[in-house]
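Read the structure below first, then the notes.
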There are 2 protein chains.
Amino acid sequence: MASIKDVAAEAGVSVATVSRVLNDHPSVSADARARVLAAVEALGYRPNAVARSLRTDQTHTLGLVISDVMNPYFTELARAVEEEARALGYSVIIGNADERPELQDHHVRTLLDRRIDGLLVSPTDGGSPLMLEAARAGTPMVFVDRWIPGVDVPVVRSDGRAAVRDLVAHLHGIGHRRLAIIAGPAATTTGRERVEAFREALAEYGLGLPEAYIGQGDFQADSGRRVTEGFLDLPEPPQVVFAADNLMALGALDAVRARGLRVPDDLALAAFDDIPWFVHTAPPVTAIAQPTGELGRAAVRALVDRIEGRPPRSVTLAARLVVRRSCGENPDGNPATNRSQT
Amino acid sequence: MASIKDVAAEAGVSVATVSRVLNDHPSVSADARARVLAAVEALGYRPNAVARSLRTDQTHTLGLVISDVMNPYFTELARAVEEEARALGYSVIIGNADERPELQDHHVRTLLDRRIDGLLVSPTDGGSPLMLEAARAGTPMVFVDRWIPGVDVPVVRSDGRAAVRDLVAHLHGIGHRRLAIIAGPAATTTGRERVEAFREALAEYGLGLPEAYIGQGDFQADSGRRVTEGFLDLPEPPQVVFAADNLMALGALDAVRARGLRVPDDLALAAFDDIPWFVHTAPPVTAIAQPTGELGRAAVRALVDRIEGRPPRSVTLAARLVVRRSCGENPDGNPATNRSQT
DNA sequence: CGCAGTCGTGTAATCGATTCCATGCATCCA
DNA sequence: TGGATGCATGGAATCGATTACACGACTGCG
């Protein structure tokens, strides 16, 4: 592959001049510039990003470590992140943690070794030493979706509290009284928060959330299946399950179907995170939709602000309830509880 | 960030010795090794991958350019690729072409500039000059899923011919005679091939594939919707649509539903590419499943073979039909046409 | 006419690693 | 005991860029 030296030789100038042309530094004669550009063209020269990064200590690359690529929510997030980053002149390297802390650390370490300019993380656990250390060492970093409390890193996330309240209102209106939740890992903020929001909303209607109605999942489909089976085996099974993410909802659907039961007649279902497929499942699934794309874009903007020396801001966007048919029909047909219809 | 010089100073040895310890070169005394490791520990030193790559001309990184990250098929492929690559000591940088040739070229160029060791591509179009040039220049490269004919690059893909034949047998057995297809872009091999396989299979049953029953899609949901609407507006609409990928099937489902019609009663539906959600749609969708994970792993192995100087092999794996309910029930209940049941 | 300032250019240092080569010292065998 | 061999180590070149600094030529002003 042609290097800057080859271009310099071909154009009959020094490497410094070539470099100046490439970085359009003002102090180059029109003649020299033309000769360099011709040489670049003739040799098909492309600057070596590795060498450039070594010298300038900038890679123009962002790392994105997400919890699970197979989860459509994170896929959409990743896509938005890449688009916004590209618009701002950055590339993105994605690391898939697969909800495993050690894999997350592997990717963080690899990204750090590559000297990425900044890191976007949706932490799988409550605080890997590696990440805390990186944050303290000054690596530009932004948490997205999930975060680690007590660390001085901006957080871009969505607040589902109001939407969960709307959901409980909707369920209560239909007449459901025994509501259960498939929670995410307690080590994640979203895992804990969604349970808390659910519990508080239930309390407003004088309903409790017994231990037996809190199933411990891990944001993956299998756990949703397992927990739902447990619920169905209870002496008094719940009337509704609220899955804390879309994959566990898929698992719940699997479990219900495997028993030959039906949603919502035998068990109603709602999920956190809306995805296109929910419109077409049998029945269409009521879900809480996050502004995923906006979240990804805001996270990139915050990170790039931090990298380029501007003060980054944390951002919280609202989620909203999308009512479909998986929880049954509201007998009084009161549209007030239906924030949106798809 | 600590560099190798700092470690050398701390350990009281030269940088050469530090480097030797790090790359466990045999010729280092136990004493020196211990001092170096202690210094590495004390300083929290991590080698700079950028500098290392510049010197060794190896990045231990693979580029993967896929057509669309939002497509669950490619997501699964990407995941398998990353896993296998990690097992072999490589990282993966994913570029999402979003079915747009110019975006694909952007990513290929960026990856090449970063001097990745090899490139895995599922080309969006029939032959970007950039990619042809890279292949000719000797960049290790492997095509996965789709390929560009006439280029000397190994191809790892799955052959759906037999499965399409099984599908047509299944449809014919149910009694369908007017079969339509939502094709992918003609510029892609999979776009063309699936139409051809379908046409040939139809011919075996004495059925034709009229122009009006070939809808031009682009592998995205919107086009599936649009084409399906066109089919429904025909004086004699088809009885079945076969979508050449899962997203266009989603679009078709949308279109049917928007008209208040039902699958399979008003229009039967089958899709290429199976995904977990197809089990739960209304009705569950009959699909042709590719061995996606195995495809990704085989592609990585072929690429790494090529990179490390072993002769790479092209690989073709068989796809298989998964019968569900979206095409209606087979009246004679002949299980011979049902290759698999989920 | 002379000196200061500007402009274009080249030389060389530098980023952080790897690795060839030379050197010094210990060991071994004749 | 002496020369050959091998091992551990350090010095320095190198990868491909960027950029501080020096320098020569030209311009313009007093």
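Numbers restart at 1 for each chain; the letters A, B, ... are given by sequence-line order, proteins then strands.
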Any chance the side chains of B:Asp125 and B:Gln104 put a donor and an acceptor closer than 3.5 Å? yes

Electrostatic pair A:Arg52:B:Asp113 at N-O distance under 4.0 angstrom: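 Answer for the salt bridge query: no.
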
Out of A:Thr292, A:Asp145, A:Asp245, which one pairs with A:Tyr73 under the side chain to side chain donor-acceptor pair (under 3.5 Å) rule?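 With A:Tyr73 as partner, A:Thr292, A:Asp145, A:Asp245 yield a single side chain to side chain donor-acceptor pair (under 3.5 Å), made by A:Asp145.
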
Rounded to the nearest angstrom, tell me the gap between atom [atom1] in [X] and atom [atom2] in [N].
X	N	atom1	atom2	result
A:Arg20	D:dT18	CZ	C1'	10 Å
B:His25	C:dT18	NE2	P	12 Å
A:Asp113	C:dA17	CG	P	10 Å
A:Asn23	D:dT19	CG	P	7 Å

Check this one for me: any side-chain N or O of B:Ser29 less than 4.0 Å away from OP1 or OP2 of D:dT9? yes

Strictly below 4.0 Å: does A:Lys5 bring a side-chain N or O up to OP1 or OP2 of D:dA17?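 Indeed not, no polar side-chain atom of A:Lys5 lies that close.
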
May I ask you to say what A:Ser27 touches in the nucleic acid, namely base, sugar-phosphate or nothing, with a heavy-atom cut-off under 4.0 Å? base

Please work out if B:Val13 contacts a base, only the sugar-phosphate, or nothing of the nucleic acid, heavy-atom cut-off 4.0 Å.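 Sugar-phosphate: the residue B:Val13, judged by heavy atoms under 4.0 Å, touches backbone atoms but no base.
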
Should B:Thr61 and A:Arg114 be marked as a side chain to side chain donor-acceptor pair (under 3.5 Å) after you check the CA-CA gap, both sets of side-chain angles, and the distance that decides it? CA-CA 11 Å; B:Thr61 301; A:Arg114 282 165 183 271; 2.4 Å; yes

If you apply the rule side chain to side chain donor-acceptor pair (under 3.5 Å), what do you find for B:Arg146 with B:Ser67, and how did you get there? CA-CA 10 Å; B:Arg146 311 178 185 174; B:Ser67 323; 3.2 Å; yes

Which residues within residues 30-63 of chain A lie with some heavy atom under 4.0 Å of an atom in DNA chain C?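 Residues of residues 30-63 of chain A under 4.0 Å from DNA chain C: A:Ala32, A:Leu54, A:Arg55.
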
Heavy atoms from C-beta onward define the side chain here; which of C:dA17, C:dG10, D:dG10 lies closest to that of B:Ile4? C:dA17

Which nucleotide sits closest to the side chain of B:Ser3: C:dA17, C:dT18, C:dG10?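 Closest of the options to the side chain of B:Ser3: C:dA17.
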
What's the separation between atom OG in B:Ser122 and atom CD in B:Glu99, rounded to the nearest 0.5 Å? 8.0 Å

Mapping A:Ala16 and B:Ala16 to their closest nucleotides on DNA chain D, which lands nearer the 5' end?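 Upstream on the strand: B:Ala16.
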
What verdict does the salt bridge (charged side-chain N to carboxylate O under 4.0 Å, His left out) test give for A:Arg109 and A:Glu102, after you've listed the backbone C-alpha separation in whole Å, the side-chain angles of each residue and the deciding distance to 0.1 Å? CA-CA 10 Å; A:Arg109 203 184 321 273; A:Glu102 81 282 5; over 6 Å; no

Do the side chain of B:Arg115 and the base of D:dG16 come within less than 3.5 angstrom through a donor-acceptor pair of N or O atoms?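 Such a pair does not exist between side chain and base.
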
